[in-house]
> 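To start, I am sharing the structure in question, which I have written as C-alpha cells.
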Amino acid sequence: MTSKEYDTTPRADTPESNGGESAARSNFIREIIDEHNRSGRFGGRVHTRFPPEPNGYLHIGHAKSICLNFGLAQDYGGKCNLRFDDTNPIKEEQEYIDSIITDVRWLGFDWQERLFYASDYFGQLYEWAVKLVKDGKAYVDHLSADEIREYRGTLTQPGKESPYRNRSVEENLDLFERMKNGEFPDGTCVLRAKIDMASPNLNMRDPVLYRILHAEHPRTGNAWCIYPMYDWAHGQSDSIEGITHSICTLEFEDHRPLYEWFIQNLGIYAPQQIEFARLNLTYTVLSKRKLIQLVREGYVRGWDDPRMPTISGIRRRGYTPEGIRLFADTIGVAKANSTVDLALLEYCIRQDLNKRAPRKMAVLRPLKVVLTNYPEDQVEELEAVNNPEDSDAGTRKVPFSRVLYIERDDFMENPAPKYYRLAPGREVRLRYGYFIKCVDVIKDGQGQIIELHCTYDPETRGGTAPDGRKVKATIHWVSAAHAQEAEVRLYDNLFTVPDPGADETRPFTDFINPNSLEVLTTCRIEPSLAGAKPGERFQFERLGYFAADPDSTESRLVFNRTVTLKDEWAKIQKQQG
RNA sequence: UGGGGGAUAGUUCAACGGCAGAACGACGGGUUCUGGCCCCGUUAAUCUUGGUUCGAAUCCAGGUCCCCCAGCCA
C-alpha cells in the first residue's frame, strides 16, 4: 500500500479559490480556513472528509457533519471524501456501509471517485508502525487489558511504565510481526506507542496502536488479525488523502495532541484537526446506543421507522434533503454544547415543502355531508390550484357531487368561541366549490353525529357570492362517490420530554410517548392521488405535508404525515383548555 | 481534587476594541378561497467580580457554572 498522491496546487480553476470567503454565514471553522488561505498553509486547498464508522445507521446529527464537510468543500471550491473508518470488524457490517452510501448521496452530496476506507490503508499503517518500533517509539506490551488500565493511572495520578516498555527493538519487531502473523490469541498483547506515562493527557500515556482481533472484516476478510485503533488510523488516513481540515466532534479535542504526535513522528503531511459541537435535538435521542435499543427492543418498527431521527427514518417520513440542508445552515456550527429546538427542524422542512409540494384534498376523519338541494346524479369537475406558491404547477379537476365527506373537526354542534368553521345554521365555503349551510344534524341512537344535511348556494360556484357576502372559513372536502380510501399514519414526538436522557436515575425509555403513532384507516383522498408512488410528497390542504409510504399497494395507499401545518386554531383550543 | 473545552434574547447562531444583530419560538396585527404561505410589529441576552481603555461581549486577572477524558470502541 502506498500513500496516495494529492494535489497541492492552488485551485485556480474554481470560483472560490482566491482564498476568499463565500456568502455563507460566518463561523469559527470558516475563520480558520480563511486564515489558512491567507497564510498559504495548504496552498489555498480545502479538502475535507466525512468519516463514519459503519456500525449503524446515519442520523440527523451526522447530517450536520455531512453538510458541514461537503458544504465547506463546495463553498471553497475544494473536495470532500467519503471515508469509512472501518477499523473494528467486530462492530461493522456491509449493511451499514450500504446504508451510509445511500444516505449521503440522498442528502445531495457527491464524493466523485473519492470513496475510501481506512482498511485501504492497513498495509501502510502497518509499515508506519514498524517504523515507529524501529525508531524505538513503539513496543509490544504483554500486560493484560486490566493491567494496562491499572498502569494507566487516574485523572489526577500519573501512570506507571509497563515492565515490557523497554524491550529491544529487535524483540519488538519480532513480536509485532508474530502478532500480525496470527501467532497469538486475542488479548495476548498489544502494540503501544512509547510516549509519556505521566502525561496529564491520558491519551498520551502510551496509547494502544494495535490489538489482536481474529475477526473477519467486511472488506479485508481474514487478511488481518491485528487491527489499528482509531487514533492510529485516523490522522494517518487524513494525511494519506491530503485532507486539509479534519473536522470532528468535541470529544476528540484531547486526541489532537496524539493526532499531531503520530504525524510528526512519522514525518508525514499534517492536516489540521478542528472540533465542533455535535447536534442535540429536543424530544429525541441521537446516541447510537439508544437508537439501537429502540430498534432491538421494538419501540419502533426499524431503523427507517418515520419516528426515528435516522436519515432513513426521516426520509421515509417525507423530510427533504433540501430541508435538512437548510436546517444545517440555519443552526450553524460552534464549540458550545447546545440543544436545538425540534420546532426549528420542522420549520425548515415546511419551508422547503411549501414551495414544492403539490396541494391535494384529503379527509382524515370523514363526516358525511349531504347537499339536500344538489341534483341527485350531478357531478361537476371543479378546478383546483396545484400549488399557490408555484404558478407553473398548474391546476387539476376535482369531482364534486351531492354526497361529500368533510373533516369531523370542521364541524362543531356547539361552536366554541373563535371557532368559525361549520356549525348548525352557519355557512362556510368548500374549497374551490360552493358556500354551504348546515341545516340539519343527523345522529345515531347513541347521540353520535353520523351525517350533516346542508344546502349549497348555486350562485357561489367558484367560491364567491354575487351579493358580496363573506364566510369566515374555507374547508376541504372530497366527493364520497369518487374518493379513494387510504391509510394515514400520524406521528408525534417519540418522547414526551425535551431531554429524555437528562434523568440519569431512569432509563430514557421511560419517557417514550405512548401516542407517538396514530393510524387512521378510513381516510378519504381525492381521486387524483391515485397512483402516488412511495416517496411522493404532498400537502393535504389545511392538514400538513404527507408522503406516500412503501407499504402502499395498488389498491390502497398509505401516507405518513411528515409534519403538520402551523395551526392557529389548535393554539387557540389549547389556550381555551 | 490532573488535563482539555465552553458560557450572548426562551432556543440556535452572528458581532473579532467602536450603535449587541438574525433566524426559530412566544405574543399582537395585516393579508388571504388553506386558521397555511407572505407582510408588519412586540417580547427578549453579553455567567460573575475587578482591571486596561476615550470606548470591552471582544483584551488582562480572579471566581462561578456546564461539557469531555482513566476502551485492547469510534
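Below, read A as the first sequence line, B as the second, and so on, with proteins coming before strands; counting in each chain starts at 1.
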> If you look at every strand shown and take non-hydrogen atoms under 4.0 Å, does A/Pro158 touch a base, only sugar-phosphate, or nothing?
nothing

> Taking any heavy-atom pair under 4.0 Å as a contact, classify A/Lys472: base, sugar-phosphate, or nothing.
nothing

> Between A/Lys397 and A/Glu381, does any side-chain N to carboxylate O distance fall below 4.0 Å?
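Here A/Lys397 does not pair with A/Glu381 in a salt bridge, since their nearest N and O are not under 4.0 Å apart.
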
> Between A/His36 and A/His245, is the gap from one ring center to the other below 6.0 Å?
yes

> Answer with base, sugar-phosphate or nothing: what part of the nucleic acid does A/Ile148 contact at a heavy-atom distance below 4.0 Å?
base

> For A/Thr87 and B/A74, is the shortest distance between a side-chain N/O and OP1 or OP2 below 4.0 Å?
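Checking A/Thr87 against B/A74: at least one side-chain N or O falls below 4.0 Å of OP1 or OP2.
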
> Within the 4.0 Å heavy-atom criterion, would you say A/Tyr419 contacts the bases, only the backbone, or no part of the nucleic acid?
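If one applies the 4.0 Å heavy-atom cut-off, A/Tyr419 turns out to touch a base.
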
> Classify A/Lys355 by what it touches in the nucleic acid, base, sugar-phosphate, or nothing, heavy-atom distance under 4.0 Å.
nothing

> Treating A/His476 as the side-chain partner and A/Arg431 as the backbone partner, does any N or O pair qualify as donor plus acceptor under 3.5 Å?
no

> Does the ring center of A/Tyr57 lie less than 6.0 Å from the ring center of A/Tyr96?
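Centroid separation for A/Tyr57 and A/Tyr96: below 6.0 Å.
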
> Answer with base, sugar-phosphate or nothing: what part of the nucleic acid does A/Tyr227 contact at a heavy-atom distance below 4.0 Å?
nothing

> Stem finding on RNA chain B, please: runs of three or more consecutive Watson-Crick or G-U wobble pairs, both distances under 3.5 Å, sorted by first number.
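Paired runs of 3+ in RNA chain B: B:2-7 with B:64-69, B:10-13 with B:21-24, B:25-30 with B:38-43, B:47-51 with B:59-63.
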
> Would A/Phe252 and A/Tyr259 count as a close aromatic pair, with their ring centres under 6.0 Å?
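No, the ring centres sit 6.0 Å or more apart.
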
> Under 4.0 Å from OP1 or OP2 of B/U34: is there any side-chain N or O of A/Arg359 that close?
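No, A/Arg359 has no side-chain N/O under 4.0 Å of OP1/OP2 on B/U34.
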
> Which residues in residues 245-258 of chain A have at least one heavy atom lying under 4.0 Å from any atom of RNA chain B?
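Hits under 4.0 Å, by residue number: A/Glu251, A/Phe252, A/Glu253, A/Asp254, A/His255.
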
> Decide, yes or no, whether a salt bridge links A/Glu275 with A/Arg256 under the criterion of side-chain N to carboxylate O below 4.0 Å.
yes

> A/Arg152 side chain N/O closer than 4.0 Å to the phosphate oxygens (OP1, OP2) of B/G2?
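So the side-chain polar atoms of A/Arg152 never come under 4.0 Å of the phosphate oxygens OP1 or OP2 of B/G2.
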
> Looking at every strand, decide which applies to A/Val208 at a 4.0 Å heavy-atom threshold: base, sugar-phosphate, or nothing.
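Touches sugar-phosphate only.
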
> Tell me whether the side-chain N/O atoms of A/Gln575 come closer than 4.0 Å to OP1 or OP2 in B/C27.
yes

> Any N or O donor-acceptor pair linking the side chain of A/Glu346 to the base of B/G25 at under 3.5 Å?
no

> With syn defined as a glycosidic torsion within 90 degrees of 0 and anti otherwise, which applies to B/G71?
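Base orientation relative to the sugar is syn.
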
> Quick check on the 6.0 Å ring-centre criterion: do A/Tyr456 and A/Tyr434 meet it?
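Yes, the ring centres sit under 6.0 Å apart.
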
> Is there a donor and acceptor pair closer than 3.5 Å between the side chain of A/Arg149 and the base of B/G71?
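It does not, because no donor-acceptor pair links the side chain of A/Arg149 to the base of B/G71 below 3.5 Å.
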
> I need a per-nucleotide contact map over nucleotides 9-14 of chain B, read 5' to 3'. Cutoff is protein heavy atoms under 4.0 Å; write B for the base, S for backbone only, - otherwise.
--SSBS

> Using the rule side chain to side chain donor-acceptor pair (under 3.5 Å), only one of A/Gln273, A/His255, A/Arg49 pairs with A/His234; which is it?
A/Arg49

> Taking all heavy atoms of A/Arg421 and all of A/Asp410, pick out the closest pair and write down the distance.
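So the minimum-distance heavy-atom pair works out to NE-OD1, 3.0 Å.
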
> Can you find a donor-acceptor N/O pair under 3.5 angstrom joining the side chain of A/Tyr347 to the base of B/G25?
no

